[in-house]
Protein chains: 2
Amino acid sequence: MAYEINETHDPNLKSWVESANDPNTDFPIQNLPFCVFTQDKHAANPRIGIRIGNSIFDFEKGVENGLFEGIPAERYLEREHLFNLSYAHDHGAKSFSGVRERLFELFVERADKRRRSRVNEVIFEATKVEFSNPFVIRDYTDFYCSIFHATNVGSMFRPDNPLLPNYKYVPIGYHGRASSIVISGTDIKRPKGQNRSDAEQQPVFIPAKSLDYEMEVGFFVGQSNELGSSIPIADAEKHIFGLCLVNDWSARDIQAWEYQPLGPFLAKNFATTISPFVVTMEALAPFRTPAFERDEGDPQPLDYLNDPTNQKFGGIDIKLEVYIQTQKMRDENIEPHLLSRSNMKDLYWTIGQMLTHHASNGCNLQTGDLIATGTISGKEKSERGSMLELSWRGTEPIDLPSGETRRFLEDGDEVIMKGYCEREGFRRIGFGECRGRITPAD
Amino acid sequence: MAYEINETHDPNLKSWVESANDPNTDFPIQNLPFCVFTQDKHAANPRIGIRIGNSIFDFEKGVENGLFEGIPAERYLEREHLFNLSYAHDHGAKSFSGVRERLFELFVERADKRRRSRVNEVIFEATKVEFSNPFVIRDYTDFYCSIFHATNVGSMFRPDNPLLPNYKYVPIGYHGRASSIVISGTDIKRPKGQNRSDAEQQPVFIPAKSLDYEMEVGFFVGQSNELGSSIPIADAEKHIFGLCLVNDWSARDIQAWEYQPLGPFLAKNFATTISPFVVTMEALAPFRTPAFERDEGDPQPLDYLNDPTNQKFGGIDIKLEVYIQTQKMRDENIEPHLLSRSNMKDLYWTIGQMLTHHASNGCNLQTGDLIATGTISGKEKSERGSMLELSWRGTEPIDLPSGETRRFLEDGDEVIMKGYCEREGFRRIGFGECRGRITPAD
């Protein structure tokens with residue numbers, strides 16, 4: 001059970017990898033997220049790795065070297081595509097906790113010397129490798145599950161009717177673009193597009209003026225379902241491999257003009273940035289929370305989305321932060337400036353509900369599919385997960401410590417997202433960063 | 001140039017494959033569409049084939065056997081994925097017409113005996129093979145390019161304002177689901193979903209009541225573009241490999257309740273059917289037409305979508321037909337009943353404009369991506385490409401020769417789509433069929 005807390009969550013366990021014991025690290029031995037890395041940008045075969053402290057453990061070489069003897073970890077290495085965790089999880093789901101436990105045995109402080117030295121042969125410094133997308137993402141879906149975000153955006157565009165009547169029944173989602181999902185650190189070129197700011201004029205094709213970020217969390221599908229079959233809500237989390245941070249870059253001016261009647265398209269599909277580390281459901285077990293507490297008078301989820309375990313444990317307490325650093329701030333050595341803090345537990349729908357809803361019509365979800373939550377905003381002004389909300393559509397500019405102001409993103413701005421979990425009596429675990437810097441349009 | 005008519009379009013050329021000379025075949029020697037097939041459903045490696053008459057030529061074996069010596073057709077066979085034409089076209093785009101001409105030499109009546117017998121070794125009856133998706137489709141985009149369809153649907157849902165103000169400027173599109181694209185002949189299970197027919201009541205989760213088809217044409221991306229780069233309209237067709245028929249199955253009741261504000265999702269992503277044969281741009285050269293003639297007073301396309309060659313040749317005269325055969329009709333041996341005829345040349349936007357618009361913000365299109373036109377309807381009532389339009393949202397039931405009526409599709413109904421090109425002085429070429437039968441919900 002992914003909600004179960006076991007010895008791998010014991011906060012007193014330390015690792016012989018010293019950097020994993022730093023109280024501020026995102027990657028103590030209790031975390032152990034997966035990633036895909038290359039030692040050299042141009043290497044033909046990226047490999048599956050595990051992050052611990054400041055190191056990357058080459059999981060594939062570890063398997064080859066016999067460090068996973070006795071557990072069917074080899075399955076993780078068979079590949080349908082160029083490289084990915086996809087085939088792995090689809091066939092090896094049941095053995096995953098075995099892998100987690102073996103990783104513990106390999107990295108725990110008390111591990112014997114012989115083992116340590118074998119592990120040490122296949123460990124790299126994280127700063128010296130390149131990361132790539134952890135899965136070959138075939139389909140990408142983006143939800144709209146923060147009621148605070150939906151209400152904020154609705155108030156701007158439909159003041160009389162901010163929240164549409166379907167919102168409390170349907171986990172609203174739409175298909176995004178898989179090809180333009182890029183890894184943290186990739187520059188984001190300002191897109192061009194049609195802009196019609198004046199309803200009396202013809203639209204013009206120009207670089208986007210209202211470029212924005214959206215602070216989201218994504219989850220990767222592990223075990224797939226067949227076309228025509230659905231996934232009961234009670235089983236939903238068995239199909240989820242783990243989570244990452246997502247920045248759903250958005251061009252608000254393009255969006256406003258193009259989105260009716262079929263939804264956002266070019267306003268979003270020029271780029272989506274993800275963080276490199278997939279934090280597993282097992283690592284997140286201590287941070288589960290009840291599903292969102294609905295207001296009195298709110299409808300209960302329809303039966304196919306309703307499950308007592310999901311109600312009790314479906315939420316996840318992930319603290320999310322968004323920072324900005326402009327070119328001027330970099331030039332003047334001013335630290336990135338905190339724009340917002342929000343929390344994944346404030347989503348109206350759980351990830352289990354998103355997944356079950358997605359497959360409820362028989363849609364086949366495939367291993368490696370990325371499903372994102374939509375912008376995660378909270379109730380308070382300081383918890384707004386996009387600049388659209390923070391600057392209230394540009395009407396309330398944001399002051400920066402460099403003396404600059406922002407209504408939307410400008411060229412040279414870097415957006416840095418962070419996510420982490422903290423709970424009394426447990427080790428802090430984190431997601432690392434999801435970064436991207438805006439470069440000028442052509 | 002894909003618009004150029006050359007000796008491969010000569011209507012007098014015949015093939016030694018007798019069935020290719022039948023005046024009613026979709027697949028004379030002037031067509032030669034690509035497909036992916038297996039001799040056995042369970043074979044591990046589907047192969048690339050060429051359809052001619054009632055036969056499938058095993059293109060891969062042909063290359064292995066030296067039939068394409070001197071032209072770089074081997075490139076077609078390198079594979080990034082399980083099987084596909086993707087890598088092939090991306091790297092071999094320039095050599096494509098060389099392949100078409102060699103295919104002509106192999107199949108033309110006057111081909112020498114030695115060659116014929118070598119070809120004959122790798123030819124199969126089309127009825128004895130299984131087809132699969134011709135590309136590994138990574139991303140699927142659906143446009144909304146028939147102004148007649150958009151106006152019909154708009155009139156039903158927004159009688160005062162049928163066509164939105166962006167329509168004549170923006171080729172409206174949205175991302176669809178790639179995983180649920182299936183090949184012609186695959187059964188389509190009626191999806192379940194949320195239905196709220198009565199605004200006073202809570203929605204219920206039930207099998208879709210308003211199941212529909214949409215008659216579309218799709219095109220496959222050949223050469224890809226890098227993330228951050230765009231594709232000038234004058235170059236657009238160089239990135240298109242060929243076309244197929246598409247049935248964008250739609251559950252109208254699910255759609256009506258879920259689609260605001262982010263567009264259709266579960267109403268569409270349970271299945272999309274495509275025809276197996278990719279008709280190349282070269283084969284379509286004789287059937288090119290001017291782009292849609294805009295009404296006086298309509299805006300001209302913005303510069304990035306405007307090109308004199310596209311205006312002159314951007315359209316394609318493809319005649320489209322939709323048939324239905326119910327269970328009762330099959331039981332009583334009643335032939336499929338024609339529901340509508342429409343034509344691809346009536347689209348408001350050309351495929352070149354769709355592609356250029358799609359990449360105009362830097363979105364990277366990948367070899368094998370499927371881009372569909374949206375429902376193709378014409379001006380007349382008999383030219384409506386969906387049942388929603390034909391039955392005017394169910395208010396005008398359709399009479400069938402079996403004495404039955406239809407407002408939407410019922411279990412057991414089979415929808416059969418056909419497409420073909422005819423022009424005085426040229427051989428008719430066709431797309432084959434795009435079929436799917438509705439099976440009951442679980």
Non-hydrogen atoms of chain A under 4.5 Å away: do they reach the side chain of [X], the backbone, both or neither?
X         : result
Tyr169(B) : both
Leu365(B) : both
Ser230(B) : neither
Leu266(B) : both

Residue among [options] with most heavy-atom pairs under 4.5 Å to chain B:
options                                    : value
Lys189(A), His358(A), Arg177(A)            : Arg177(A)
Asp142(A), Asp303(A), Ile172(A), Ile254(A) : Ile172(A)
Ala359(A), Pro264(A), Ala251(A), Gly193(A) : Pro264(A)
Ala267(A), Ala271(A), Gly173(A)            : Gly173(A)

**OP:** Using atom types as modelled and distance alone, determine if a side-chain donor or acceptor of Asp139(B) lies under 3.5 Å from a backbone N or O of Ala178(A).
**Re:**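 A pair under 3.5 Å: yes.
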Taking all non-hydrogen atoms of both residues into account, name the closest pair between [X] and [Y] and its distance.
X         : Y         : result
Pro165(B) : Trp257(A) : O-CH2, 3.5 Å
Tyr174(A) : Phe265(B) : CA-CD1, 3.9 Å
Asn166(A) : Gln260(B) : ND2-O, 3.0 Å
Phe270(B) : Leu227(A) : O-CD1, 3.3 Å

Which bit of [X] is near chain B, if near means a heavy-atom gap under 4.5 Å: side chain, backbone, both or neither?
X         : value
Asp187(A) : neither
Lys192(A) : both
Thr141(A) : side chain

**OP:** Would you please indicate if the ring centroids of Tyr140(A) and His175(B) are separated by under 6.0 Å?
**Re:** no
**OP:** Return the set of residues passing salt bridge (Lys or Arg N to Asp or Glu O under 4.0 Å) with Arg190(B) (not counting sequence neighbours), or none when no residue passes.
**Re:** Asp411(B)
**OP:** Measure the CG-OG distance between Asn364(A) and Ser180(B) for me, rounded to the nearest 0.5 Å.
**Re:** 5.5 Å
**OP:** Please round to the nearest 0.5 Å and tell me the distance separating atom SG of Cys363(A) and atom CG of Asn269(B).
**Re:** 4.0 Å
Subject >> Close contacts, residues 151-164 of chain A versus chain B, judged by heavy atoms under 4.5 Å >> reply: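 Contacts with chain B: Arg158(A), Leu164(A).
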Original post:
Of all of Pro191(B), Gly362(B), Pro203(B), Ala150(B), which one pairs up most often with chain A through heavy atoms under 4.5 Å apart?
Top reply: Pro203(B)
Original post:
Most heavy-atom pairs under 4.5 angstrom with chain A, which of Pro207(B), Pro299(B), Pro261(B), Ser179(B)?
Top reply: Ser179(B)
Subject >> Check: Arg138(B) and Ile137(A) side chains under 4.5 Å, non-hydrogen atoms >> reply: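 No, their side chains stay 4.5 Å or more apart.
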